[in-house]
Number of protein chains: 2
Amino acid sequence: MLSFSEENYLKAIYHIEKLQSNGVSTNAVAEKMDTKASSVTDMLQKLAEKRLVIYKKYKGALLSAKGKEIAISVIRKHRLWESFLVNKLNFSWDEVHDIAEQLEHIQSDELINRLDAYLGFPKVDPHGDPIPDKDGNIAKQEKIKLSNLKETQQGILVTIKDSSDDFLRYLDKKSISIGSTIKVIAIEPFDKSILVKIGKKELMITENVANNLLVKEI
Amino acid sequence: MLSFSEENYLKAIYHIEKLQSNGVSTNAVAEKMDTKASSVTDMLQKLAEKRLVIYKKYKGALLSAKGKEIAISVIRKHRLWESFLVNKLNFSWDEVHDIAEQLEHIQSDELINRLDAYLGFPKVDPHGDPIPDKDGNIAKQEKIKLSNLKETQQGILVTIKDSSDDFLRYLDKKSISIGSTIKVIAIEPFDKSILVKIGKKELMITENVANNLLVKEI
DNA sequence: ACAAATATTTAGTTATATCTAAAAATATAT
DNA sequence: ATATATTTTTAGATATAACTAAATATTTGT
């Protein structure tokens with residue numbers, strides 16, 4: 001059985017792999033895990049020994065099939081627990097991350113499969129991210145950045161890329177949440193800021209904000 | 001913040017304290033935790049340093065007010081999670097212990113209080129044990145051993161003292177479960193075995209079994 | 001009361017997961 | 001292409017929570 005720490009490393013590597021197709025660098029993992037590069041090297045060596053990553057000195061790491069399977073199972077647990085917290089315990093979607101970070105390490109396949117059933121086999125979590133099924137299959141999502149929409153197009157907000165507290169608070173203040181329908185009214189050519197309509201209100205957002213809002217086009 | 005291990009020690013000491021009013025011995029803790037006496041000594045010294053137990057060399061340990069508070073909060077979490085697993089996810093009450101042992105260490109007051117509300121503020125868990133409230137108050141339960149009942153008396157099974165797998169399987173096979181109404185038909189003077197009636201069936205149980213079934217007299 | 005048995009503690013070891021500082025490899029820039 | 005900068009690894013240290021073996025304290029039985 002793996003430690004919390006090992007599971008967290010596998011999860012981090014998985015997420016980084018999805019962004020860059022090449023090997024995952026020590027530094028990238030260190031940044032994601034908020035730890036030191038030397039600690040990452042130690043852990044990569046250990047995970048390589050356990051055949052969970054393929055690791056070449058100075059060349060970074062990639063998940064093995066087994067490592068990927070474990071990473072996905074942790075992500076499945078994380079997203080199902082987030083769904084539980086929001087849908088059953090009425091947390092708001094920006095409060096649940098830290099608790100789900102703990103719950104994702106609970107070991108019991110039976111538990112997580114029953115939780116899945118109890119929630120009605122949800123396809124996406126409260127942030128709009130897809131929930132892997134029992135066999136590790138993940139439904140592909142057509143998500144594009146809000147900044148890729150053209151004037152008059154609209155989308156449903158499905159994912160927040162930057163999940164820093166500051167950004168989550170900003171969204172909350174502006175009443176922007178997962179599921180919101182957002183229409184692009186006008187794009188300012190000078191700084192790419194965007195005038196959008198959310199519900200009945202019009203709002204100006206920066207390009208940076210628009211890059212961190214992923215929508216499903218409708 | 002305390003480690004899982006520290007929390008488990010506090011919980012073990014709490015349970016042992018309830019049985020013997022004097023100081024909790026190193027050996028008693030070692031047996032309960034399935035570890036070595038020397039490991040217990042190490043931990044008691046650490047917990048004493050953190051003012052969570054009062055510890056005197058060779059004299060055993062007692063929980064401080066703070067230590068007791070933490071122990072009770074862990075027990076509250078354990079019992080609420082067991083209630084969730086049984087009442088919402090349809091686990092049977094003999095399957096939930098190991099999962100609850102993990103869930104009891106999740107850190108979030110908000111989570112546990114919302115879970116409590118979601119479950120309807122239950123007073124007892126699926127084993128019949130009382131659930132401490134948010135402030136650490138535990139309702140007293142009038143529980144007596146089935147072996148203390150006299151002929152013709154009856155009780156509702158509220159707690160299983162011995163929770164070994166073998167015993168739980170025995171009870172399952174005999175269809176004895178928390179909430180069962182048990183009537184004492186006759187007591188054999190020779191070996192104190194008891195003829196009981198559970199539902200419509202009569203059944204002979206040994207004194208040992210009767211000592212491990214705690215009932216609320218009705 | 002004292003020897004034997006039992007319980008407890010101490011000392012020293014191991015494994016995990018982290019860190020800092022220094023060394024080594026790789027990438028970059030002129 | 002070579003010096004400089006960056007990245008990565010190694011070596012050595014720390015903290016936690018276990019363990020074993022040996023030492024010490026307490027309890028028990030005669």
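Note on naming: letters A, B, ... go to the chains in the order of the sequence lines (proteins, then strands), and numbering restarts at 1 for each one. From a predicted model like this one, the values you see are computed outputs, not experimental measurements.
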Distance check, rounded to the nearest 0.5 Å: A:Ile178 atom CD1 versus A:Asp129 atom CG? 7.5 Å
One should read off an interatomic distance between A:Glu31 CD and A:Ser25 OG, to the nearest 0.5 angstrom, of 9.0 Å
Starting at atom [atom1] of [X], determine the distance to atom [atom2] of [N], rounded to an integer number of angstrom.
X: A:Leu44; N: D:dT10; atom1: CG; atom2: P; value: 11 Å
X: A:Leu47; N: C:dT16; atom1: CG; atom2: C1'; value: 13 Å
X: A:Glu49; N: C:dA15; atom1: CD; atom2: P; value: 12 Å
X: B:Gln45; N: C:dT8; atom1: CD; atom2: C1'; value: 10 Å

Using ring centroids (six-membered ring only for Trp), state whether A:Phe84 and B:Phe84 fall under 6.0 Å. yes
When the ring centroid of A:Phe4 is compared with that of B:Phe4, is the distance short of 6.0 Å?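 Close enough - the centres of the two rings lie under 6.0 Å apart.
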Reckon A:Asn27 has a side-chain N or O less than 4.0 Å from the OP1 or OP2 of D:dT8?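 Yes.
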Under a 4.0 Å heavy-atom criterion, the protein footprint on nucleotides 18-26 of chain D, written with B, S and -, is SBBB--BSS
Other residues, nucleotides, ligands: >12 heavy atoms within 6.0 Å of A:Asn137 CG: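 Check passes, neighbour count above 12.
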Counting any heavy atom closer than 4.0 Å, what does A:Thr41 reach on the DNA or RNA strands: base, sugar-phosphate only, or nothing? base
Does a side-chain N-to-carboxylate-O contact under 4.0 Å join B:Arg114 and B:Glu110? yes
